[in-house]
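Worksheet: one structure, shown below.
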Amino acid sequence: MSFIQAAPEFTNPFEKQLFQEILQITLKGKTKKDTITADLKQFSDQLLREVHDWSLEADAHPPQHIPYSPFGERIDTIKVHDSWKKLDQLSAREGLIQLGYNPDDLESGRLHQFLKLFLFHPSSAFYSCPLAMTDGAAKLITTLLKGPLKENEKEILTNALTHLTSRDPEHFWTSGQWMTEKSGGSDVGHSETVAKKEGQDYRLYGTKWFTSATTSQMCFTLARTEDAPEGSRGLSLFFVKLHKEDGSLNQMQVRRLKDKLGTHALPTAEIDLQGTPATLIGNSGEGVKTISHLFNVTRIYNAVTSVANFFHILHLAIDYSEKRVAFKKRLCDLPLHKRMLDEAKEACRDCMLLTFYTVGLLQKEETLAAKGKRDEAISTLLRLMTPLTKLYTAKINMRWTSELIESFGGAGYIEDTGLPRLLRDSQVLCIWEGTTNVLSLDCLRAITKENALSVFLKEVSSSKSSKAVEGLVNDINALTAKCGNESELWEYHARDLSFLLCQTMIEYLKCEV
Ligand code: MFK
């Protein structure tokens, strides 16, 4: 019998030392720590027992667009595999959205939710994407419901929120977020969709170019009312129900499903809006600003899914290094291989510290908000750390996923090992919810408009800061002094500054734990 190599195995993520460390840090001092830990453990066991297999099945059976019925009627059915439906039902039952809006856990509901998402993502076939949009929509609605709204808006949004945060699979809705158009991906202000007033409501005409979660029940989208100016200040926010009472699409057509590099289980479509009924939400012309409540949450999802992917491939590589023998030693005993794995572990830990710090800021802001309070420093830090954490974790994950795939040699290049999928799926995290450049510019927006840099510097200079933090703060000060009052220089160095800020925060967090 010739030699057969043992394959790398997906093993229980909850039991990994790195997860346990981050869990302890994240839940330190929380009253519900034991209950949350028990829930995460049972969930992780379930992932191993059955859910991971559903995700592999969903990925192997991508969605299909069926434009016409056998008799020529336009139907635009998007057929998804049963395993994808199981992931949807599981998400509802396990409260993957509800936990973040749980009135019984205002102190740690968000932490619980994002730790669970971290475990789920590598076994979700990117069901984490519809969940991100759904959570963003729930956050947007929660925020809007605190302010003045017209009666019809309040009714529609309150009803939607009960569905989005339901734990009953029959009642649970997911939501899309349809911003991207052919004319405006990053530059949303160039969007062409028009909203024509009809009675109290509007009808939308245009093409949405990337609509993930196409099988959702609702979405938030942007459009320009007929009298509105050009640019982003002319865009308003609309609520759309995707289906009519009879289940057919609501005055829209699916042009095609996207032939994407990765995320194959996820039904991402191009959609023509052909007089789609829509309700204006909030003030007209404030669409971009209002929808930022949604994408600031999805950007945190992007970070959690990036670190979850990194953690997943890291542990596959570690497992393989303990099985594969080369040059008469296991890979894990070869000094250069061991060094690479140690560096990967450290980079993954850094990204996890950064991400769960940002999740912690969201938790703190929401805990205060539930009591009718607000701490400006926490909110400003969250505003800055959201784009920073997203851009940093996506890029670092991409780099390390490539390196770790390399550690499997030729096997990492062969499709049915499942490893190439991890590389393809990682690339989306650098563009989904904003590219690295757009997010670097968003950091500048937070610095300029909200004085976020001085709040950041105050935070990292507090308590037990190290020499490393001091050195990095000096680098930040030198860079900002070099930019001075030249807005072009700030823009030119926006990425340098963003990465420097992330490295500084990571060094600070390492001193704190
Ligand atoms: C998972 C698998 C997925 C499958 C495949 C998917 C492939 C990719 C699909 C996609 O298309 S993902 C891309 C989604 N698109 C984005 O994330 C948008 C990227 N662009 C930006 O984020 C731009 O920065 C933005 C559109 C927001 C810039 O718009 P403007 O009009 O140039 O910004 P402006 O005028 O500075 O901001 C308008 C208002 O919003 C301002 O408030 P004021 O009216 O009070 O001045 C801003 O302060 C506010 N604002 C902007 N960004 C904000 C924000 N407020 C809070 N947080 C933010 N992040």
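We use all heavy atoms of the structure for the numbers below, so side chains are in, but hydrogens, waters and symmetry mates are not. Start at 1 and go down the list; that is how both ligands and their atoms are numbered.
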If you have a sec, work out which protein heavy atom is nearest atom 30 (P) of ligand 1 and how many Å separate them, to one decimal? Ser232 OG, 3.7 Å
Glu433 with Arg299: basic N within carboxylate O range, under 4.0 Å: no
Where is the nearest protein heavy atom to atom 12 (S) of ligand 1: which residue, which atom, and how far? Glu433 N, 3.2 Å
Contact (N/O only, under 3.5 Å) between Trp432 and ligand 1: no
Taking 4.0 angstrom as the limit, do Glu286 and Lys289 come out as a salt bridge? no
Backbone N/O of Val254 and side chain of Asp76: donor-acceptor pair under 3.5 Å: yes
Ser186 neighbourhood, listing ligand 1 atoms whose heavy-atom distance to it stays under 4.0 Å: 19 (C), 20 (N), 21 (C), 23 (C), 26 (C)
A student checking ligand 1 against Phe295 at a 4.0 Å heavy-atom cut-off should list atoms 27 (C), 58 (C), 59 (N)
Mind checking whether Leu266 contacts ligand 1 via backbone (N, CA, C, O), side chain (CB onward), both or neither, at a 4.0 Å heavy-atom cut-off? side chain
With a heavy-atom distance limit of 4.0 Å, tell me whether Trp209 approaches ligand 1 through its side chain, its backbone, both, or neither. neither
Less than 6.0 Å separating the ring centroids of Tyr413 and Phe408? no
Candidate pair Asp135 and Arg110, rule salt bridge (Lys or Arg N to Asp or Glu O under 4.0 Å), full reasoning: CA-CA 11 Å; Asp135 197 344; Arg110 274 291 187 196; 2.8 Å; yes
Are Phe126 and His121 near enough that their ring centres are under 6.0 Å apart? yes
Can you list the atoms of ligand 1 that are under 4.0 Å from a heavy atom of Val188? 18 (C), 26 (C)
For atom 22 (O) of ligand 1, which candidate among Arg299, Arg383, Lys449, Glu286 provides the closest heavy atom? Arg299
Give the single entry among Arg445, Met133, Glu450 that approaches atom 24 (O) of ligand 1 most closely by any heavy atom. Arg445
Does the residue Lys258 have a heavy-atom contact with ligand 1, meaning some pair of atoms that are separated by less than 4.0 Å? no
Could you check atom 35 (O) of ligand 1 against the protein and tell me its nearest heavy-atom contact, residue, atom and distance included? Arg233 NH2, 2.9 Å
Tell me, with the steps shown, if Val473 and Leu457 meet side chain to side chain contact (heavy atoms under 4.5 Å, CB included). CA-CA 7 Å; Val473 167; Leu457 290 173; 4.1 Å; yes
Over 60° means perpendicular and under 30° means parallel, so classify the ring planes of His52 and His312, tilted if in between. tilted
Do Lys182 and Glu192 sit within salt-bridge range, that is, some charged N less than 4.0 Å from a carboxylate O? no
Salt-bridged, Asp442 to Arg383, with N to O below 4.0 Å? yes
Numbering as shown, the atoms of ligand 1 that approach Gly434 to under 4.0 Å (heavy-atom distance): 13 (C), 17 (O)
Distance from Leu391 atom CG to Cys502 atom SG, nearest 0.5 Å? 5.5 Å
In terms of residue, atom name and distance, what is the protein heavy atom nearest to atom 5 (C) of ligand 1? Val428 CG2, 3.8 Å
Interfacing atoms of ligand 1 (cut-off 4.0 Å, heavy-atom, Met179): 15 (N), 16 (C), 18 (C)
Pairs of nitrogen or oxygen atoms closer than 3.5 Å, one from Asp442 and one from ligand 1: do any exist? yes
Salt bridge or not for Glu270 and Lys208, using N-O below 4.0 Å? no
List ligand 1 atoms under 4.0 Å from Cys129, heavy atoms only on the residue side. 1 (C)
Is ligand 1 under 4.0 Å from a heavy atom in the side chain of Leu429, in the backbone, in both, or in neither? neither
Relative to Trp209, does Lys258 satisfy both conditions: NZ or CZ under 6.0 angstrom from the six-membered ring centre, and within 45 degrees of the ring's axis? yes
Taking 4.0 angstrom as the limit and counting only heavy atoms of Phe126, give me the atoms of ligand 1 inside it, by number and element. 1 (C)
Which residue and non-hydrogen atom of the protein lie closest to atom 57 (N) of ligand 1, and at what distance in Å? Asn296 ND2, 2.9 Å
Among all protein heavy atoms in this structure, tell me which lies nearest to atom 55 (N) of ligand 1, with the distance rounded to 0.1 Å. Ser292 OG, 3.4 Å
At a 4.0 Å threshold, what atoms of ligand 1 neighbour a non-hydrogen atom of Val438? 19 (C), 20 (N), 21 (C), 22 (O), 24 (O)
Would you give the length of the straight line joining atom CD of Gln217 to atom NE2 of His243, rounded to the nearest 0.5 angstrom? 7.5 Å
Looking at the rings of Phe43 and Phe14, which for Trp means the six-membered one, are their centres under 6.0 Å apart? no
of all protein heavy atoms, closest to atom 6 (C) of ligand 1 is Phe210 CD2, 3.9 Å
Considering only non-hydrogen protein atoms, determine which one is nearest to atom 45 (O) of ligand 1 and report residue, atom name and distance to 0.1 Å. Lys289 NZ, 2.9 Å
Is there a polar contact between ligand 1 and Lys260, counting only N or O atoms under 3.5 Å apart? no
